[in-house]
Each structure stands twice: as C-alpha cells, then as structure tokens.
Amino acid sequence: DTVFVAGCEEGSCHFLEGNLRAKQKVAIAKRMLKEIGLEPERLEMFHISASNAPLFAAASNEMTERARKLGPNPLRKDLVKAK
C-alpha cells in the first residue's frame, strides 16, 4: 500500500552515486503514480545513515501512518477481483 526507499545520506554513499540515482528513480516513479491516478505519497525516499536507527524507526512509523491515512492501494481491489 506504501513503499519507502531508504538510502545513504546525500553526499556520503558507499556506492558513490547510488543514492542519487535512486532519488531520481523515486521522483520518476512518483510522477508515474500521479499520472495513473494514484497518490504519489504512497512512495517516499528517506536518506538515512546506516547507524541512525532512530531515524529509520521514525521513517517506518511515518510511512505506516501514511498507509493508514491513504488506505489500501485501490488497484489491489481490482487484482483481488481478477483472481
């Protein structure tokens, strides 16, 4: 119902520019969600240091709350009906 992508803090990625490429891809995916009529808020990227467990927990809580507010993915109902 929601997806969050966690990447390194900007400017400090072990994989050089992996987090910046992921950020671009998330932005593209959010635009695509909007184009097909889904809330782009269902997808978010967080830049979190691997050692920052409290920030990871906060991001998890934020996305859980967002999922509750947005409700189930409306396409999911169509998939269940198709089975």
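FYI, the numbering just counts along the sequence from 1.
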Spatial distance of atom CZ (R42) from atom CG (L33) [nearest 0.5 Å]: 9.0 Å
Inter-residue atom distance L75.CG - I36.CD1, 0.5 Å rounding: 6.0 Å
Flag yes if F56 and M63 sit in one hydrophobic cluster, no otherwise; membership is Ile, Leu, Val, Met, Phe, Trp, Tyr, and two members link when side-chain heavy atoms are under 4.5 Å apart. yes
Are L55 and S49 packed together at the side-chain level, in the sense that at least one heavy-atom pair is separated by less than 4.5 angstrom? no
Between OG1 of T2 and NZ of K69, what distance do you get to the nearest 0.5 Å? 12.5 Å
Does the pair M45 and K25 meet the rule for a side chain to side chain contact (heavy atoms under 4.5 Å, CB included), with working shown? CA-CA 10 Å; M45 179 159 185; K25 291 180 182 199; over 6 Å; no
Tell me whether F46 is reachable from L70 by hopping between hydrophobic residues (I, L, V, M, F, W, Y) whose side-chain heavy atoms are closer than 4.5 Å. no
In terms of heavy-atom contacts, does NZ of K30 have more than 12 from other residues, nucleotides or ligands at under 6.0 Å? yes
Can you tell me how far apart CD1 (I48) and OG (S60) are? Round to the nearest 0.5 Å. 7.0 Å
Without swapping roles, check the side chain of N19 against the backbone of C8 for a donor-acceptor pair under 3.5 Å. yes
The reported gap from CG in L20 to CD in Q24 (rounded to nearest 0.5 angstrom) is 7.0 Å
Pairs satisfying salt bridge (charged side-chain N to carboxylate O under 4.0 Å, His left out), at least one member in residues 47-58, at least two apart: none
For D1 and N73, indicate whether the former's side chain and the latter's backbone hold a donor-acceptor pair under 3.5 Å. yes
My understanding is that a hydrophobic cluster links ILVMFWY residues whose side chain heavy atoms are under 4.5 Å apart, including indirect links. Using that, what else belongs to the cluster containing I28? M32
Checking side-chain hydrogen bond (donor to acceptor under 3.5 Å, both in side chains) between R66 and each of E44, E41, E39, which is the one that passes? E44
Side chain to side chain contact (heavy atoms under 4.5 Å, CB included) evaluation trace for L43 with V5: CA-CA 8 Å; L43 171 62; V5 178; 4.2 Å; yes
